[in-house]
Structures are given as structure tokens and as C-alpha cells.
Amino acid sequence: GAGVSQSPSNKVTEKGKDVELRCDPISGHTALYWYRQRLGQGLEFLIYFQGNSAPDKSGLPSDRFSAERTGESVSTLTIQRTQQEDSAVYLCASNPWVDTQYFGPGTRLTVL
Amino acid sequence: QKEVEQNSGPLSVPEGAIASLNCTYSDRGSQSFFWYRQYSGKSPELIMSIYSNGDKEDGRFTAQLNKASQYVSLLIRDSQPSDSATYLCAVRGGEKLTFGTGTRLTIIP
């Protein structure tokens with residue numbers, strides 16, 4: 001079946017603009033995670049969804065970042081008033097349980 | 001102290017040799033341990049998981065876990081050029097995976 005998909009694959013935006021990043025998890029996967037990966041760095045946890053609730057938002061770097069999820073389906077990560085330090089690859093992962101995360105291809109965000 | 005630490009490398013290993021990747025973690029309550037491989041410009045993919053002390057083998061890969069020492073490692077036997085990638089260690093405590101920064105491995109033909 002289809003894997004995790006993310007859109008857009010690339011996004012270039014100007015500083016101060018808002019962006020929305022989308023993740024479509026594997027059908028039936030209840031857990032969904034967002035990570036950020038800066039160039040040459042490891043994965044930085046942002047937020048975790050179980051169904052449409054977010055038990056752990058501890059990784060969101062500031063109140064400019066927010067995320068929502070519709071049921072056990074699509075999730076959207078929104079970054080308001082983007083800054084240059086927000087430039088990174090944003091990865092989404094889903095899994096039927098907590099373990100064995102399946103990653104999407106990521107969205108490469110560039111803030112000019 | 002970082003929660004999950006790995007040597008950033010780069011680690012260079014001749015083709016056919018054994019590559020050894022190491023990871024330490026700080027949370028003694030951690031329950032599950034994973035190794036992901038990430039090719040340049042690609043997403044991480046799971047290659048090994050381990051849950052109990054000892055060794056777990058899968059083909060050319062062996063994961064080793066020592067909870068007393070809070071240490072997990074990955075051995076790659078008969079290294080191939082296609083093994084050249086960044087290897088990420090991940091540790092689960094509660095409902096969240098925490099990743100190390102990764103070790104870049106280069107297999108030299």
C-alpha cells in the first residue's frame with residue numbers, strides 16, 4: 001500500500017510569511033509524529049499525535065508553530081511568521097503503535 | 001548531557017570489513033532501541049530494533065544492547081559501498097522516540 005506522503009516536497013518562502021506543511025499517514029496508523037531536521041543534524045522531535053489528540057507538544061520550538069490532525073488522517077504543521085532559522089527538512093512519520101515509525105519523504109523548507 | 005549520543009563521525013571502513021556504530025542514552029527507563037539508516041537527501045528507514053539485553057542479528061546487521069551500561073551498538077559485517085549512509089540511533093521512553101544526531105559511515109571500495 002501507499003506509504004506516508006508529504007506535501008509540498010519543497011517550499012521556498014519569504015521571511016515573515018506563514019506556511020502549511022501537510023502529512024498523509026499510512027491508512028490505519030493511529031500515531032503520527034513531526035520532526036525537524038536541520039542540515040547535517042539529527043531529528044528534532046516537534047509533536048506527537050495519537051488519533052487527533054496531541055499528548056506531547058513539548059518539541060514545538062515556539063508559539064509560531066502549531067499542528068493539527070483530523071481524526072486518524074491528515075495532519076498539518078503550520079509555521080507562522082517564518083524566520084530563517086526555520087529552514088530545515090520537516091519529516092512526518094506514522095506507525096500503528098509507538099514503535100516502528102515509517103517516515104515520509106519530507107518537506108524541504110527554505111526561508112529567504 | 002544529550003539524551004541520546006552518537007559519535008558524529010565520519011567513520012570510514014574498508015569494503016568487506018566490520019563497521020561498528022555506538023550509541024549511549026541517558027534515560028534508564030528507556031524501553032526500546034532502534035537503528036535507522038538515512039541516505040543523503042532521503043528519509044530515515046528502520047533497519048534494526050532491539051528490546052532486551054544481548055545481541056540481535058538480521059543478515060549482515062547485529063544490534064547489541066546493554067541496559068546496565070546504557071549502551072546500544074550496531075555492527076555491519078562485510079560492509080558494502082551501499083552501506084554508506086548516516087546511521088541514527090533512536091531510543092523510546094514513554095511514547096516518544098528520541099534520536100541521536102547520527103554517525104556518517106563511508107565504506108571505502
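Computed from a prediction, not measured in an experiment: that's the story for all the values here.
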Give the cluster check for Ile47(B) versus Val91(B): same hydrophobic cluster or not, with ILVMFWY residues linked at side-chain heavy-atom distances below 4.5 Å.
yes
Donor-acceptor pair, side chain of Ser43(B) and main chain of Phe103(A), under 3.5 angstrom:
no
Flag yes if Leu32(A) and Ile26(A) sit in one hydrophobic cluster, no otherwise; membership is Ile, Leu, Val, Met, Phe, Trp, Tyr, and two members link when side-chain heavy atoms are under 4.5 Å apart.
no
Spell out, yes or no, whether Val13(B) and Leu75(B) are grouped together once hydrophobic residues are joined by side-chain heavy atoms under 4.5 Å, including indirect joins.
no
Tell me which of these, Lys42(B), Gln38(B), Gln31(B), Arg104(B), has more heavy-atom pairs under 4.5 Å with chain A than the rest.
Gln38(B)
Looking at side-chain heavy atoms only, is the closest gap between Tyr35(A) and Leu97(B) below 4.5 Å?
yes
Pairs of heavy atoms under 4.5 Å with chain B: top-ranked of Ala93(A), Gly59(A), Gly42(A), Ser58(A)
Gly42(A)
Verify the neighbour count for atom CD of Glu68(A): are there more than 12 heavy atoms of other residues, nucleotides or ligands below 6.0 Å?
no
Tell me whether Glu14(A) at atom CD has more than 12 heavy atoms from other residues, nucleotides or ligands lying less than 6.0 Å away.
no
For side-chain contact (heavy atoms from CB on, under 4.5 Å), just list the numbers for Phe34(B) and Gln101(A), CA-CA rounded to whole Å, side-chain angles, deciding distance to a tenth of an Å, and then say yes or no.
CA-CA 10 Å; Phe34(B) 307 88; Gln101(A) 296 193 349; over 6 Å; no
Go through the atoms of Glu44(A) and report whether side chain, backbone, both or neither lie under 4.5 Å from a heavy atom of chain B.
neither
Under 4.5 Å from a heavy atom of chain B, the part of Leu91(A) involved:
side chain
Part of Glu45(B) within contact of chain A (heavy atom distance under 4.5 Å)
neither
Do Trp34(A) and Tyr48(A) belong together in a cluster built from hydrophobic side chains that touch within less than 4.5 Å?
no
Does a sphere of radius 6.0 Å around NZ in Lys67(B) hold more than 12 heavy atoms from other residues, nucleotides or ligands, not counting ones at 6.0 Å or beyond?
yes
Using side-chain heavy atoms (C-beta onward) and a distance below 4.5 Å, is Phe99(B) in contact with Phe45(A)?
no
